[in-house]
Amino acid sequence: MNKLSQLSQVSYHVIQDIYKNPYRVVTTDTINRIAKALGVPATELFEDVEPEER
């Protein structure tokens, strides 16, 4: 998480919060930064989940 935080220039605590709760609200800027750091399209970080599964 520390390396991803550094590469994406997103706070370590935000990365940690997303890891703990992948359903938390995240800005598109944060998603784009993480995707770029991982070398994947931002769409790869999304998944359709039914509301009752959250």
Note: with side-chain heavy atoms under 4.5 Å as the link, the other cluster members for Ile34 come out as Met1, Leu4, Val10, Tyr12, Val14, Ile15, Ile18, Tyr19, Val26, Ile31, Leu38, Val40, Leu45, Phe46
Review point. Just wondering, more than 12 heavy atoms not from Gln9 lying within 6.0 Å of its CD?
Key: no
With sequence neighbours left out, the residues meeting side chain to side chain donor-acceptor pair (under 3.5 Å) with Ser8 are none
Applying side-chain contact (heavy atoms from CB on, under 4.5 Å) to Pro22 and not counting sequence neighbours gives none
Residue pairs meeting salt bridge (Lys or Arg N to Asp or Glu O under 4.0 Å), one or both in residues 3-15, sequence neighbours left out, come to none
Sorted by chain and number, sequence neighbours left out, salt bridge (Lys or Arg N to Asp or Glu O under 4.0 Å) with Asp29 holds for Arg33
Residues 35-44 vs salt bridge (Lys or Arg N to Asp or Glu O under 4.0 Å), sequence neighbours excluded, gives none
In short, Ala35 meets Pro41 closest at the heavy-atom pair CB-C, 4.0 Å
